[in-house]
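Here is the structure we will look at, set down as structure tokens.
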Amino acid sequence: MTRSFKFAIEARDPHSSARAGALTTGHGVIPTPIFMPVGTRGTVKAVAPDDLVSLGARIVLANTYHLMLRPGEELVARLGGLHRFMGWPGPILTDSGGFQVFSLSKLRKMTEDGVTFQSPYDGARTFFSPERSVEVQTALGVDIMMCLDECTGYPSAREEAEKSMALTRRWAKRCREAWSRSDTDQALFGISQGSFYPDLRRRSAEEITELDFPGQAVGGLALGEPLEDRLEALEAAREGLNPDKPMYLMGVGTPVDIIEGIRRGADMFDCVLPTRNARNGQLFTRLGRLVIKNARFREDERPPDERCGCYTCRTFSRAYLRHLFQNDEPLAMRLASVHNLHYYLDLVGGAREALLNGTFSGYYTEFYEDLDRGREDGFTRA
RNA sequence: GGAGGGGUUCCCGAGCGGCCAAAGGGAGCAGACUGUAAAUCUGCCGGCAAUUGCCUACGGAGGUUCGAUUCCUCCCCCCUCCA
């Protein structure tokens with residue numbers, strides 16, 4: 001079968017590596033740069049797919065490892081695949097389980113062959129491998145699959161980082177082989193690693209480029225390192241990647257991370273921050289962050305951000321949102337998630353517009369000016 | 001009228017002679033969160049002074065004791081059961 005995945009670059013910023021483009025998948029076209037809301041268990045927590053549609057979300061993430069454990073990929077396949085199961089008609093990208101190698105590091109054992117995970121749900125041990133990851137992602141029927149990688153922590157010793165990126169490369173090769181045997185309309189992205197050693201970052205990127213995946217990712221960032229280290233690693237990785245392919249910056253990040261990522265050529269982003277922090281009472285705005293639970297908003301009639309066009313800001317006051325959080329009302333999480341996702345999608349959408357209009361450097365400058373203005377107005381610097 | 005149980009810091013609720021400014025919850029306040037084991041987690045939570053310090057507090061008033069939230073007496077409230 002011919003695969004429908006394509007990537008076309010539509011505009012470039014003359015002063016940076018930023019570009020606008022379009023990703024074509026079997027479930028629709030995705031304008032880039034794009035932010036992908038995270039829906040680990042087949043749901044973007046606290047919002048329904050119709051919220052995502054009205055927010056203008058174009059693609060969502062789900063997680064291979066978690067869906068494999070619950071409800072199991074075979075069940076999802078029997079019920080018509082993940083799109084149908086979760087009621088989301090647009091494209092889906094699944095993370096391979098590589099992040100769980102990191103986040104569940106206390107519950108797993110690594111070998112050359114793969115990882116043995118102890119389930120956080122019931123403690124049962126399951127063996128997970130590159131081939132198994134591809135198999136699960138194939139069964140889920142997602143549009144973009146990710147290679148199983150090893151995501152190491154921060155900081156990592158050079159020797160450890162080197163060993164880890166070599167393993168990630170061997171696993172990438174195995175994933176690629178498993179994927180090429182399949183006959184489905186799914187793309188597979190390779191993931192580069194290399195910790196925070198620029199030469200390793202670059203080499204890992206080159207190794208992934210050699211394997212010639214439809215898309216390329218930079219993994220293993222935003223693990224607690226300073227911003228400068230992160231950006232340096234990203235730049236080093238980009239030098240080793242094929243510039244004609246989409247670059248996905250995995251798990252990143254804050255609004256600043258995203259704008260800086262775009263500037264360095266990243267096309268795709270995902271992060272739990274807008275949704276998780278929303279549920280924990282933190283709103284992201286172009287002026288900075290607002291901890292809406294704070295007592296100072298008790299009688300604040302203003303919307304979170306006066307210039308934001310989202311449903312939450314058009315309809316509700318800070319005082320009301322604070323009240324909802326104070327009382328653990330479920331609506332609080334939905335309204336906050338809707339706002340944060342709107343802001344993130346608007347941030348990347350605005351960058352795309354600017355790139356198409358040739359005004360990206362102005363957009364970039366304005367981004368920081370807004371944050372400075374917000375700091376004077378009681379917002380926390382994002 | 002009789003029998004029993006109880007009144008503790010904003011609330012609930014342990015403590016029942018010194019280790020008690022008083023366990024544990026809750027509420028309140030603040031912070032964290034980056035390919036989601038997260039509607040989670042952490043800190044503060046009588047006042048003042050701020051290295052051990054002082055003051056105010058365990059229904060009220062007395063008393064016993066070196067020392068009482070803890071023991072005794074009386075009083076005031078509350079609850080349950082029996083008349």
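Sequence lines set the chain letters: A, B, ... in the order given, protein chains first and strands last, and positions in each chain run from 1.
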- Note on the structure: Against the side chain of Ala295(A), the closest entry in U34(B), A30(B), A32(B) is A30(B)
- Query: What nucleotide among U34(B), C33(B), A38(B) has an atom nearest to a side-chain atom of Gln282(A)?
  - Reply: C33(B)
[N] phosphate, OP1 or OP2: any side-chain N/O from [X] under 4.0 angstrom?
X: Arg276(A); N: U34(B); answer: yes
X: Asn277(A); N: A39(B); answer: no
X: Ser119(A); N: A37(B); answer: no

Just checking, any donor-acceptor pair under 3.5 angstrom between side chains of [X] and [Y]?
X: Asp143(A); Y: His83(A); value: yes
X: Asp95(A); Y: Tyr65(A); value: no
X: Gln193(A); Y: Thr168(A); value: no

Just checking [X]: base, sugar-phosphate only, or nothing, at a heavy-atom cut-off of under 4.0 Å?
X: Arg230(A); answer: base
X: Gly39(A); answer: nothing
X: Arg322(A); answer: sugar-phosphate
X: Leu107(A); answer: base
X: Gln193(A); answer: base
X: Asn63(A); answer: sugar-phosphate
X: Leu61(A); answer: sugar-phosphate

- Message: When both hydrogen-bonding distances must be under 3.5 Å and the geometry is Watson-Crick or G-U wobble, what is G24(B) paired with, if anything?
- Response: C12(B)
- Separation of atom CD in Gln326(A) from atom P in G26(B), rounded to whole Å: 15 Å
- Message: Roughly how many Å apart are G4(B) and A49(B), using the C1' atom of each and rounding to a whole number?
- Response: 48 Å
